[in-house]
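Written out below as C-alpha cells is the structure these notes cover.
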Amino acid sequence: MIVSWMTTNKCNLKCKHCYQDAGEQRDNELTTAEAKKLIDEISRAGFKIMIFSGGEPLLRPDIYELVAYAASKGLRPVFGTNGMLITPEVAAKLKQSGAAAMGISLDSLDREKHNQFRGDEQAFDKTVEGMKNCRAAGLPFQIHTTVMDWNRDEVDAILDFAVEMGAIAEYLFFLVPVGRGISIENDSVESMKYEALLHQIMERQKTLPIPIKPTCAPQFTRVAKQVGVNLDPRFTRGCLAGLTYCIISPSGIVRPCAYMVEEAGDIRQTPFDVIWQQSEVFQKLRTQAYKGTCASCAYKESCGGCRARAAYYHGGDILAEDSYCALSQRRNKIKKEVE
C-alpha cells in the first residue's frame with residue numbers, strides 16, 4: 001500500500017498544471033512532531049511505501065529527519081520532486097537518511113517547453129543535473145512526465161532519455177483538471193488520442209528495459225492485456241484511490257488521491273489508521289459499485305476507471321463511469337444508435 005504526504009505547499013516553481021496550486025508555505029502545515037505521529041499511524045495502518053511530495057518536499061528543513069524516521073518505522077521513503085534542489089550534497093544526504101528512490105519531473109526534452117511549463121528558465125538544466133547527482137550518489141531515481149497534447153509526440157524520446165539517464169522507471173501522468181490544471185484542461189490529450197497513446201506506450205513496454213507506469217490512466221491495464229504485455233507485478237490495478245492508496249495534505253487532510261476533492265478525514269482530529277479503516281469515502285470506493293459503462297465493463301476489476309475524472313465530469317459522483325475512456329465512449333455511442 002502507498003501513501004503520499006504533501007509535506008508542504010511551499011515550492012520553488014509555479015507549474016501550470018499543479019493540482020495543489022503550490023507556491024507559498026501555509027501557516028497550518030504539520031509540525032515535525034505531528035509529522036512523526038503521522039508516520040507512526042501510517043506504519044500502524046500497514047502501509048509499506050511513503051511518498052514525500054509537495055509543493056517541493058526538499059524545502060522542508062526537517063525533511064532528512066522525517067525520512068530517517070519513516071525508514072526506522074519500516075516504511076520505504078520515496079520522493080516526488082522537481083529535482084532542481086538535488087545537489088551532490090543533497091543526494092548524498094538523502095541516501096544517508098534512508099531515501100529509497102526519487103521521482104523527478106521532466107515534461108519535455110525541449111528546454112524552453114519544459115521551462116515554460118514549469119515556470120522557471122533554469123528548470124530543465126537543474127532538473128537534469130539533479131538526476132545526474134542522484135546517479136552519482138547511487139540514489140535510484142525515476143522520471144515523472146505529465147503528458148499533454150503539446151508533448152505527447154515526445155513520449156518515445158522521453159522514454160529513451162529515461163533509459164539513457166539510468167532511471168529505474170518512467171511514470172507518465174495524464175492530466176486531471178484540478179488546481180491550476182483547470183486552466184489548461186483544453187491542452188489535455190483528447191480521449192481517442194489518449195487511447196492510441198496508451199497502445200503506443202504499451203507496445204514500447206515490450207522492448208524497454210525499465211517499467212512504464214501510466215498514472216491517472218487506469219485503462220492502461222486493459223490495453224496491456226489487449227496488446228499482450230506482461231506488466232510489472234506492481235501495476236496490475238489501474239485506479240488505486242481509496243483501495244491501496246491515498247494522500248495527505250500539508251495540513252493533515254486525507255483524500256483518496258491528489259486529484260479528488262472528497263475529504264476522508266483530518267489527522268489532527270482522528271488518527272490516520274482509523275481514517276484509513278473507517279472513512280465513509282474510502283468505504284464507498286471499496287464497494288467498487290461503479291455506474292454506467294464502468295459497472296458492466298469486463299475490465300472493471302483491473303481498471304476501475306479514474307475515480308477523479310468520474311467525479312469531476314459527473315457532479316462529484318465518485319462511482320460514476322469514467323467518460324474519458326475510449327471504450328466507454330464507444331459503448332455509449334452504440335447504445336444510443338440502438339435506442
Side-chain angles (χ1 to χ4, degrees), residues 12-13 15-18 51 53 56-58 78-88 90-91 94-95 99-175 184 187-189 193-194 196-217 220 223-224 227 229 231-232 234-235:
N12 54 325
L13 292 179
C15 305
K16 291 184 178 180
H17 65 305
C18 182
I51 304 171
S53 65
E56 173 48 56
L58 293 175
V78 298
F79 274 72
T81 171
N82 58 51
M84 293 178 65
L85 304 178
I86 306 177
T87 62
V90 168
L94 283 165
K95 185 174 176 62
M102 308 299 290
I104 300 176
S105 298
L106 185 74
D107 304 300
S108 177
L109 299 182
D110 183 311
R111 180 179 280 98
E112 291 186 8
K113 289 182 179 179
H114 176 80
N115 292 347
Q116 184 180 32
F117 191 56
R118 293 282 167 175
D120 189 297
E121 62 183 12
Q122 295 183 306
F124 182 90
D125 291 335
K126 287 190 174 182
T127 293
V128 173
E129 189 65 28
M131 295 178 191
K132 293 178 180 178
N133 291 335
C134 285
R135 187 175 62 194
L139 178 60
F141 71 92
Q142 59 192 40
I143 296 178
H144 293 171
T145 302
T146 297
V147 180
M148 307 288 289
D149 197 51
W150 58 265
N151 69 350
R152 65 186 179 87
D153 291 337
E154 285 192 68
V155 167
D156 274 336
I158 291 173
L159 291 172
D160 291 335
F161 178 80
V163 174
E164 292 168 7
M165 287 296 293
I168 60 172
E170 167 70 45
Y171 278 41
L172 298 165
F173 290 76
F174 287 76
L175 180 72
I184 56 171
D187 290 334
S188 63
V189 181
K193 293 179 181 177
Y194 159 79
L197 183 56
L198 287 180
H199 277 266
Q200 174 188 331
I201 292 167
M202 287 298 100
E203 287 292 348
R204 280 302 310 274
Q205 183 64 93
K206 292 179 180 179
T207 59
L208 215 65
I210 61 173
I212 312 170
K213 170 64 163 61
T215 302
C216 299
F220 85 92
V223 174
V227 302
V229 168
L231 292 171
D232 186 292
R234 296 172 295 167
F235 307 151

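Atom CZ of Phe124 and atom CD of Gln116 lie 15.0 Å apart (nearest 0.5 Å). To the nearest 0.5 Å, the span separating CD on Glu112 from CD on Glu121 amounts to 10.5 Å. Note that CG of Leu231 is 10.0 Å distant from NZ of Lys213, once rounded to the nearest 0.5 Å. To the nearest 0.5 Å, the span separating CZ on Arg135 from CD1 on Ile168 amounts to 14.0 Å. Of the inter-residue distances, the one linking Leu159 atom CG with Gln200 atom CD reads 8.5 Å to the nearest 0.5 angstrom. Here the straight-line distance linking atom CD1 of Ile143 with atom CD1 of Ile212 works out to 12.0 Å at 0.5 Å rounding.
A salt bridge links Arg204 with Asp160: the distance from a Lys NZ or Arg NE/NH1/NH2 to an Asp or Glu carboxylate oxygen falls below 4.0 Å. Comment: Asp107 does not engage Lys113 in a salt bridge, judged by the lack of any side-chain N to carboxylate O separation of less than 4.0 angstrom.
The two residues Ala167 and Ile210 make their nearest non-hydrogen contact at O-CG2, 3.4 Å. Nearest heavy atom pair, residue Thr81 against residue Gly83, reads OG1-N, 3.0 Å. In this structure, Met165 and Phe141 approach most closely via the heavy-atom pair O-CZ, 3.4 Å. Closest heavy-atom contact between Ile86 and Asn133: O-ND2, 2.7 Å. Across all their heavy atoms, Ala169 and Gln142 have their closest contact at O-CB, 3.2 Å. Considering all non-hydrogen atoms of both residues, Gly138 and Lys95 come closest at O-NZ, 3.1 Å.
Within the 4.5 Å cutoff, the side chain of Ile104 has heavy atoms near those of the Cys134 side chain. Two residues are said to be in side-chain contact when any heavy atoms from C-beta on lie closer than 4.5 Å; Met84 and Asp120 meet this criterion. Put simply, the side chain of Leu172 does not reach to within 4.5 Å of the side chain of Phe220, judged on heavy atoms. Leu198 has its side chain within reach of Phe174: a pair of non-hydrogen atoms, C-beta onward, lies under 4.5 Å apart. Here the side chains of Ser105 and Thr146 are not in contact, with every heavy-atom distance at 4.5 Å or above. Using a 4.5 Å heavy-atom cutoff, the side chains of Leu106 and His114 are in contact. Side chains of Phe117 and Ser108 form no contact here, defined as non-hydrogen atoms less than 4.5 Å apart. Residues Thr145 and Asn151 are in side-chain contact: their nearest non-hydrogen atoms beyond the backbone lie under 4.5 Å apart.
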Exercise for the section: Tell me, with the steps shown, if Val155 and Ile201 meet side chain to side chain contact (heavy atoms under 4.5 Å, CB included). Expected result: CA-CA 8 Å; Val155 167; Ile201 292 167; 4.1 Å; yes
Handout entry: Test log, rule side chain to side chain contact (heavy atoms under 4.5 Å, CB included), inputs Val147 and Tyr194
Key = CA-CA 10 Å; Val147 180; Tyr194 159 79; over 6 Å; no
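Shown here is Glu203, whose CD atom has more than 12 heavy atoms of other residues, nucleotides or ligands within 6.0 Å.
In this structure a side-chain-to-backbone donor-acceptor pair under 3.5 Å is present from Lys206 to Val227.
Side-chain contact annotation: Gln205 with Asp232, donor-acceptor N/O pair under 3.5 Å absent.
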